[in-house]
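Okay, so here's the structure we're looking at.
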Amino acid sequence: MKLYDSKLQSLVDFVPLTQGKVGIYVCGPTVQSAPHVGHLRSAVAFDIIAKWLEIGHGYEVKLVRNVTDIDDKILVNATALGKDWRELASTVEAGFNEVYEALGASVAHKPHATEHIQGMISLIERLIERGHAYQADSASANVFFDTASFAGYGELTRQKLENMEGEAIGGGRRAAHDFALWKSAKAGEPETASWDSPWGRGRPGWHIECSAMTLSELGETFDIHGGGLDLRFPHHENELAQSSAAGFGFTKHWMHNGLVTVSGQKMSKSLGNGVSVEELFELGTPAAIRYWLASAHYRSSLDYSPSSLTEAVTAVARISNFVRRAGEVATSSPIELPQEFQDAMNADFNVPVALGVLHDTVRVGNTALDAADKDSVATALSQVVRMSAVLGLDLTSNEKVATAETIDLIEGLIADRNQARADKDYARADLVRAELTAMGVTIEDQAGKTVWMWSN
RNA sequence: GGUGGAGUGGCUGAGCGGCCCAAAGCAGCAGCCUGCAAAGCUGUAAAACCACGGGUUCAAAUCCCGUCUCCACCUCCA
């Protein structure tokens, strides 16, 4: 299979470093405020990538997504809210975990920055020993990475130092692009937000966290490092510099997901065009949201609009309706995935094409249903279920989940309506139907019976 | 200034030298079903001169050159 390596800027054959095993590290959120749609896109993209490597290739995948739980913004936001920063971080993280869970994009490995302070300190010491980092001056605990000492600096994003804008020299920083590895504790910051180090009390810079956590979780060398396109510079460039300068092989491949846009512009807090997760969940089921997030190739930008989400709701309903109807006459069994689907996924995880195959299969299955061709229905059903599993689409979200009383009520109304229809009292039948609709119930008159489901 | 990416039907969105008079979905239309709608299914007309102008090739949406427009990154960001 091939994947697009965003450092090499080309499609490459993917071969795990260790046979049968794949290590993936994806940059997770800084838990400073509630998640937005962009976080979900990244999570779903890499979840599908991991699932395909597991289901499609049988690899044992270790997917790591870190949590940055100490950072300037967390401290600033906590102060503004009058909260302990640790409380804010854990509350926000719980919110992230909730939506990841809802979308089926949870990960088993979630290292926290605050749990890896010692690893970061060791790594910084190693960089100083090797001549790639320096302490600002004896009076400050600031430690910077010395970009001039590392010839490969800029190779991830193909930029030259002289062309880049940089930060003002100060605080012991020798060059505009030298970046902080360790930041001296500042007056007024909570005591709990700093740690002892050989250079004095302080806290880690952002980039060193990920280098330390990849080392701890995946070792000196691993297969894939991922994250949003906006993290390429400076974050990933700096991570690469740190880990390489420390003498580690680091990641074999880089993968970056495209950003979510609104009217063509990047969704971000600073632009104030962020779409909240709540808004998304009001418009669609988790399966529909996942479908929408996956409907554009992971490297393309994905433009948000309410109508694009309702389209996804309809599309998912088409798939789940087939599964529901087919399930009445056939059972799903483990089966080979359609070749076109496998080909699409093997071509740099081309999910839009894979979704096309899924819909094609649904159409084949529906045709078979109409023709009462049970064998073909069973095959299509099995394939659809399997493809949906790879894509992580939970098709059961509008299944009948209700209390016994509610079910009795609904079934009673349906019986009333059918009695009215039998009596040719259509006015009353329509009235009952309107009542069901108001309850959020959609009914479907099939040959000889009426089935119901929750409306989308 | 530097580094990447994008411009395909009414909309979303694939394709990246011949299988493309361009996948799939949504919307539209028709048929089936229905008491009628809705829902569901099936089929399907029209609709894309593939941003624009050149070029290469037997053959280009796909390669090359130029132009225009848009986006991202170079500060924190998934």
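Side-chain atoms are counted along with the backbone in the values below, which use heavy atoms only and exclude waters and symmetry mates. So you know, we letter chains A, B, ... as the sequences are listed, proteins then strands, and number each from 1.
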Quiz item: Taking atom P of rG35(B) as reference, at what distance in whole Å does atom CZ of R417(A) sit?
Solution: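 Distance check: R417(A) CZ to rG35(B) P gives 10 Å.
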Quiz item: How long is the line joining OH of Y298(A) and C1' of rA78(B), in whole Å?
Solution: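 Taking OH of Y298(A) and C1' of rA78(B), I get 14 Å after rounding.
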Quiz item: Does any residue of residues 373-385 of chain A have a heavy atom under 4.0 Å from RNA chain B, and if so, which ones, in number order?
Solution: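 Going residue by residue through residues 373-385 of chain A, none turns out to have a heavy atom under 4.0 Å of RNA chain B.
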Practice problem: Ignoring hydrogens and angles, answer whether the base of rG13(B) and the side-chain atoms of D303(A) contain a donor-acceptor pair closer than 3.5 Å. | Solution: no
Quiz item: Can a donor-acceptor pair under 3.5 Å be found between the side-chain atoms of K266(A) and the base atoms of rC71(B)?
Solution: no
Compute the centroid of each ring, for [X] and then for [Y], and state whether the two points are separated by less than 6.0 Å.
X	Y	result
Y304(A)	W292(A)	yes
F250(A)	F222(A)	yes
H236(A)	H256(A)	yes

Below 4.0 angstrom from OP1 or OP2 of [N], is there any side-chain N or O of [X]?
X	N	value
N163(A)	rU3(B)	no
N321(A)	rA39(B)	no
R318(A)	rG25(B)	yes
R421(A)	rC36(B)	no
K160(A)	rG1(B)	no

Practice problem: May I ask which nucleotide in the shown strands pairs with rG1(B), Watson-Crick or G-U wobble, both distances under 3.5 Å? | Solution: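 Base-paired to rC74(B).
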Self-check item: Which nucleotide in rC74(B), rG40(B), rA72(B) has an atom nearest any side-chain atom of E444(A)
Solution: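 Nearest to the side chain of E444(A) among the choices is rG40(B).
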